[in-house]
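These numbers come from a predicted model, not from an experiment.
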Amino acid sequence: MKFSVIIPVYNGEKWIDRCLTSLLAQELASEMQIIIIDDGSTDESLLIAKKLEENNSTIKVISTVNKGVSNARNIGLKEAEGEYITFVDIDDYIEPGFFKDMLSETDKKTDIICGGFKAEYSNGHILTHNYSFTQIEGGKKVIKAFLEGAYIDVNVWGKLYRSEIAKNIKFDTSYKVAEDKLYLFECLNKAKTLSIVESSKYHYVINEDSVIRGAFSPKKLDGLVVSEKICAVVEDKYPELSELAASWLIDVKCRACGELLEVRKTQQYKVLYQELLKEIRSYSIINKFRHSSKKHFVSYITTCISPIFCDFVKKRLKLQYK
């Protein structure tokens with residue numbers, strides 16, 4: 001078996017047909033194991049998935065009590081039998097040729113294969129993110145590519161992971177946000193080779209009701225905790241990447257300041273907001289310029305001026321995903 005596709009589902013009845021149809025239409029569908037983990041859905045998701053399972057031997061449905069997406073993915077990892085493992089969110093879908101394109105130009109020894117994607121918005125707008133074909137060897141170069149963000153998006157979907165790496169790493173169920181970033185980083189930290197392919201056939205459908213896009217929740221601060229954890233590992237294992245990691249972390253802190261805007265005056269978050277802003281403003285502007293993309297440098301400068309101004313600029317320019 002070539003591929004194991006892990007799909008966590010929670011109340012996904014309106015998307016499940018589109019998602020599964022896009023997988024079953026793949027040219028390499030016969031070499032696929034589709035694992036659906038129903039995470040205690042209260043709608044018809046499980047019933048729909050079971051019916052699909054009855055009509056297709058490649059689909060395996062597992063039902064569990066609601067414990068979150070990380071637990072569901074960990075269950076899927078235990079069941080995965082493919083040479084490569086990939087993750088697909090239930091509200092997303094893939095175009096024909098996704099798997100064929102991902103394998104087309106890569107070395108057989110490649111540990112992780114990354115493709116581009118299409119960010120699909122509720123107004124019908126689609127923003128394509130495509131990367132040039134690149135092969136990266138060596139752990140430090142792989143982690144450098146992750147921190148620079150030029151070739152690797154921080155989500156777990158849209159990638160193929162060699163099974164012996166993916167199955168030996170688990171999602172941390174204590175995090176509700178950025179758990180996928182941590183899992184991806186840990187996989188990359190184990191990888192010796194990384195391939196980026198010129199394909200963007202994964203459709204990431206922007207869900208405005210998701211935790212990350214909704215009103216402030218303490219869960220959103222998980223992203224900051226996860227990023228600090230990643231930076232600690234980088235500084236320990238690859239000290240020569242410390243400056244790059246520090247700049248990367250400043251980007252996360254700028255984003256956290258924006259997320260804290262609506263609660264920055266409350267007793268619970270006032271100190272954290274002020275501390276983050278102090279750290280951002282005291283960071284070296286020279287280092288930030290040296291290690292940042294134009295977009296992140298502008299975000300850093302505007303946050304230094306005022307997080308409120310930065311938030312206004314983002315909304316005014318209607319900055320899209322990534």
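Here Tyr202 pairs with Asp92 under the side chain to side chain donor-acceptor pair (under 3.5 Å) rule; sequence neighbours left out. Applying the side chain to side chain donor-acceptor pair (under 3.5 Å) rule to Thr86 yields no partners; only residues at least two apart in sequence or on another chain are considered. With sequence neighbours excluded, the residues forming a salt bridge (Lys or Arg N to Asp or Glu O under 4.0 Å) with Asp172 are Lys229, listed by chain and number. Partners of Glu240 by salt bridge (Lys or Arg N to Asp or Glu O under 4.0 Å), not counting sequence neighbours, listed by chain and number: Lys140. The ring pair (Phe, Tyr, Trp, His ring centres under 6.0 Å) search around Phe309 returns none, not counting sequence neighbours. Annotation: salt bridge (Lys or Arg N to Asp or Glu O under 4.0 Å) contacts of Asp251 (sequence neighbours excluded): Lys288. Considering only residues two or more places apart in sequence or on other chains, Lys2 meets the salt bridge (Lys or Arg N to Asp or Glu O under 4.0 Å) condition with Glu83. With sequence neighbours excluded, no residue satisfies side chain to side chain donor-acceptor pair (under 3.5 Å) with Lys51.
Sorted by first and then second residue, the side-chain hydrogen bond (donor to acceptor under 3.5 Å, both in side chains) pairs with a member in residues 299-308 form an empty list; sequence neighbours excluded. Counting only residues at least two apart or on different chains, the ring pair (Phe, Tyr, Trp, His ring centres under 6.0 Å) pairs with a member in residues 168-190 are Phe87-Phe171, Phe87-Tyr183, Phe146-Phe185, Phe171-Tyr183. For residues 1-31, the ring pair (Phe, Tyr, Trp, His ring centres under 6.0 Å) pairs, not counting sequence neighbours, are Phe3-Phe99.
Look at Glu53 and Lys50 and you find a salt bridge, because one of the NZ, NE, NH1 or NH2 atoms lies within 4.0 Å of a carboxylate O, short of that distance. Looking at Glu137 and Lys141, no side-chain N of the basic residue comes within less than 4.0 Å of a carboxylate O on the acidic one, giving no salt bridge.
At a cut-off of 3.5 Å, with distance as the only test, no side-chain donor of Tyr269 or Glu259 sits close to an acceptor on the other residue.
If you chain together ILVMFWY residues whose side-chain heavy atoms come under 4.5 Å of each other, Val65 ends up in a group of its own.
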